[in-house]
2 protein chains.
Amino acid sequence: MPVATRSAPQARRRAAEIIDAAAAVFAERGYHGASTQDIADVLGIRQASLYYYFPSKEAALEQVCMRGVEGFVEQAAATAAGDEPAPEKVRLLVLGHLAPMRDRQPYVRVFLRDRHLLPDESRRRVGRASRRYERIIQGVLEAGVRAGELRADLDCRLATLALLGMCNAAVTWYGAEPGATIERIAEEFAMLVLDGIAPRGARRRGRS
Amino acid sequence: MPVATRSAPQARRRAAEIIDAAAAVFAERGYHGASTQDIADVLGIRQASLYYYFPSKEAALEQVCMRGVEGFVEQAAATAAGDEPAPEKVRLLVLGHLAPMRDRQPYVRVFLRDRHLLPDESRRRVGRASRRYERIIQGVLEAGVRAGELRADLDCRLATLALLGMCNAAVTWYGAEPGATIERIAEEFAMLVLDGIAPRGARRRGRS
DNA sequence: GGCGGATTCTATAACTCTATAGAATTGTGG
DNA sequence: CCACAATTCTATAGAGTTATAGAATCCGCC
C-alpha cells in the first residue's frame with residue numbers, strides 16, 4: 001500500500017530546509033518586511049511552490065516561532081528543580097537561555113521580534129509559555145532570597161526582567177562581536193548579575 | 001510678503017500631531033506592518049492627505065527615529081564629563097537612558113526596533129550616533145576600572161552591551177508592569193548592575 | 001519502461017499599498 | 001467680504017503580495 005517514492009526522512013529533511021529558509025528570511029527582514037518571494041529566492045524555487053509545504057505565510061511564522069521557543073521552559077524547569085544553590089542556578093539559567101542563540105539564532109530572533117504577529121490562538125499559547133518561563137526564573141530568584149543565597153532587598157520581578165532583557169539583547173549582536181562566544185558571554189553576564197560591576201569590597205549602598 | 005493664514009506655531013503643532021500619529025502606529029505594528037492608511041485613521045483624515053506633511057512613508061520613519069535618538073548622546077556625554085565617581089555615573093546613565101522611554105515611548109520604541117529599515121544615508125547617521133553612545137558608556141566603565149572604582153577584571157565591552165540590553169528591554173514592558181515607575185526601575189537596575197543580586201558578603205567567585 | 005504519488009511549475013485572481021494629480025475647502029489678514 | 005495660501009479631499013495609476021488551480025516534471029519501485 002505505501003508506495004512512497006521519496007522516503008519519509010527525505011521529505012522531512014526538505015520540509016526542514018523550507019522552514020530554515022523562512023526563518024533566515026524572517027530573521028533578516030522581519031515577518032512583514034519579508035515576502036514569500038524572498039523565501040523562494042533563497043531556495044531557488046518558485047514562490048507558489050512554497051504552498052506545498054505550508055498553507056499560509058502565517059503558518060510558516062508559526063512553525064518558525066515554535067522552534068524558536070522550544071526547549072526554554074523545559075531547560076529552565078530542570079534547572080529550577082535541581083539542588084544547586086541559587087547563584088549556581090542563575091549561572092545555568094543564563095547559559096541555558098543563551099545557548100539557543102548560537103544553535104538556532106534565526107528561529108530565536110524571529111520568535112523574540114515577531115511572536116506578537118501570530119494568529120490569536122498560537123499567540124496566546126506562546127504567551128502562556130513565555131509567562132511560565134518568566135515565572136520559573138522569578139521563582140528561582142525568590143527561593144534564593146528566602147534561602148539567604150540572594151540579596152534580601154531584591155525586587156525579583158524587576159531582576160527577572162533585567163536578566164531576560166540583558167540575555168535577549170544578545171541575539172541582536174551575537175556573531176558580530178568578535179571573540180564573544182556564548183560561553184564567555186554567559187560567564188560574564190552571570191558574574192555581572194550575581195556580583196555586579198563594583199569592586200569586591202566597595203558597597204556604596206547606604207550612601208557611603 | 002508673508003501672508004501666512006495659519007500661524008507658523010499652529011502649523012508646527014499640526015505637523016507634530018501627524019508625526020505623533022505615525023510614531024504611535026509604527027510603535028504598535030512595526031514599520032512594515034503599519035500602512036499609511038492606519039496613520040490617517042488615527043488622525044481622522046484621508047490617506048493621501050498625509051503626503052502634505054511628508055514626501056514618503058520612509059521619510060516619516062526617519063523623522064520618528066530622529067526624535068527617538070535625540071538627546072541620548074548629549075545626556076550621556078554630559079554625564080561622562082562630570083566628576084562624580086564611576087558608580088554614580090552609571091546610576092545617572094541608567095536613569096538618563098530610561099527617562100525617554102517614559103517621555104516619548106513610541107519614538108524610542110520605533111527607533112530601537114526599526115532603525116535598520118531607514119534608507120542608507122540616515123541609517124548610517126543613526127548608526128554612527130549609536131556607536132558614539134555605546135563608546136561613551138564603555139568609556140565610563142573603562143575609566144572606572146582604571147580608577148579602581150569598578151571591578152578590575154570587568155569586560156567593559158560585554159558589560160556595556162548587557163547594560164544597554166537590560167535598559168532597552170524596558171521599552172517593551174514599561175507601562176504594563178504595575179508599580180514600575182521609571183525612577184524605581186532605574187534605581188533597581190543600577191543597584192543590580194553595580195552590586196549584583198548576591199548578598200553583600202557572599203562572593204562565590206574563586207569557587208567557594 | 002512506465003505507474004503513481006511527490007514535488008515543482010505556469011498563470012493568474014484578488015487584494016493591498018504607496019504615491020501623484022488636481023480639485024475643493026478652509027480660514028485669516030487686509 | 002474677499003483674496004489667497006494652507007490644508008484636505010477625490011480619484012486613480014502602478015507596483016507588489018498572498019494564495020489558488022491545474023498542468024508538468026521527477027523519481028523510486030515493480
Side-chain angles (χ1 to χ4, degrees), chain A residues 1-26 28-65 110 114 117-119 122, chain B residues 1-26 28-65 110 114 117-119 122:
Chain A
M1 224 80 68
V3 206
T5 55
R6 224 151 288 181
S7 66
Q10 286 265 353
R12 251 180 282 119
R13 191 175 315 170
R14 181 58 172 158
E17 282 173 16
I18 306 294
I19 292 299
D20 271 354
V25 170
F26 289 165
E28 188 178 325
R29 315 199 181 186
Y31 175 72
H32 276 133
S35 69
T36 52
Q37 183 64 63
D38 295 331
I39 302 173
D41 287 347
V42 167
L43 293 160
I45 64 176
R46 301 283 163 171
Q47 179 262 345
S49 303
L50 292 173
Y51 286 79
Y52 179 74
Y53 292 96
F54 49 73
S56 71
K57 191 185 169 189
E58 243 179 18
L61 176 64
E62 199 168 322
Q63 288 188 50
V64 172
C65 283
V110 171
D114 291 329
L117 300 176
L118 288 170
S122 49
Chain B
M1 223 83 70
V3 205
T5 55
R6 224 152 287 180
S7 65
Q10 285 264 354
R12 252 181 280 118
R13 191 174 315 169
R14 182 59 171 159
E17 282 174 15
I18 306 294
I19 292 299
D20 271 354
V25 169
F26 289 164
E28 188 178 324
R29 316 200 180 185
Y31 176 73
H32 276 132
S35 69
T36 52
Q37 183 64 65
D38 295 331
I39 302 174
D41 288 347
V42 167
L43 292 160
I45 64 176
R46 300 283 164 172
Q47 179 263 346
S49 304
L50 292 173
Y51 285 78
Y52 178 74
Y53 292 96
F54 48 74
S56 71
K57 191 186 169 191
E58 243 179 18
L61 175 64
E62 199 167 322
Q63 287 189 51
V64 172
C65 284
V110 171
D114 291 330
L117 300 176
L118 287 170
S122 48

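Lettering follows sequence order; numbering is per chain, from 1. Everything quoted here is computed from the prediction, not taken from an experiment. Excluded from the calculations below are hydrogen atoms, water molecules and symmetry mates; all remaining heavy atoms, backbone and side chain alike, are included.
Contact record, Val42(B) with Val25(B): CG2-CG2, 3.7 Å, taken as the closest heavy-atom pair. Residue Ala40(B) comes nearest to Leu50(B) through the heavy atom pair N-CD1, 4.0 Å, listed as atom of the first residue, atom of the second, then distance. When all heavy atoms of Leu43(B) and Arg14(B) are compared, the closest pair comes out as CD2-NH1, 4.2 Å. Between Gly33(B) and His32(A), the shortest heavy-atom contact is CA-ND1, 3.3 Å. Phe26(B) and Val64(B) get closest at one heavy-atom pair: CD1-CG2, 4.3 Å. Across all their heavy atoms, Val110(A) and Ala23(A) have their closest contact at CG2-O, 3.7 Å.
With rounding to whole Å, Arg12(B) atom CZ is found 12 Å from dT7(D) atom P. Atoms CG (Leu50(A)) and P (dT7(C)) sit 14 Å apart, rounded to a whole Å. Distance NE2 (His32(B)) to C1' (dT16(C)): 14 Å, rounded to an integer number of Å. Distance CZ (Phe54(B)) to C1' (dT8(D)): 14 Å, rounded to an integer number of Å. The distance from atom CZ of Arg46(A) to atom P of dT12(C) is 14 Å, rounded to the nearest whole Å.
Contact annotation: Tyr52(B) side-chain N/O to dC9(D) OP1/OP2 distance is not under 4.0 Å. When the side-chain nitrogen and oxygen atoms of Tyr53(A) are compared with OP1 and OP2 of dT7(C), none of them lie within a distance under 4.0 Å.
Contacts of residues 13-26 of chain A with DNA chain D (heavy atom under 4.0 Å): none.
Of the candidate nucleotides dT8(C), dC9(D), dC9(C), dC9(D) has the atom lying nearest to any side-chain atom of Ser49(B).
Once rounded to the nearest 0.5 Å, the distance linking CG of Asp41(A) with OG of Ser35(A) reads 7.0 Å.
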Summary of protein contacts for nucleotides 12-18 of chain D, nucleotide by nucleotide, where a base hit scores B, a sugar-phosphate-only hit scores S (4.0 Å, heavy atoms): -----SB

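Among residues at least two apart or in separate chains, there is no salt bridge (Lys or Arg N to Asp or Glu O under 4.0 Å) pair with a member in residues 44-61 of chain A. Sorted by first and then second residue, the salt bridge (Lys or Arg N to Asp or Glu O under 4.0 Å) pairs with a member in residues 28-39 of chain A read Arg29(A)-Asp38(A); sequence neighbours excluded.
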Just the table, please: protein N/O against nucleotides 21-24 of chain C N/O, every pair under 3.5 Å.
none

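Partners of Phe54(A) under the ring pair (Phe, Tyr, Trp, His ring centres under 6.0 Å) rule, at least two apart in sequence or in another chain, are Tyr51(A).
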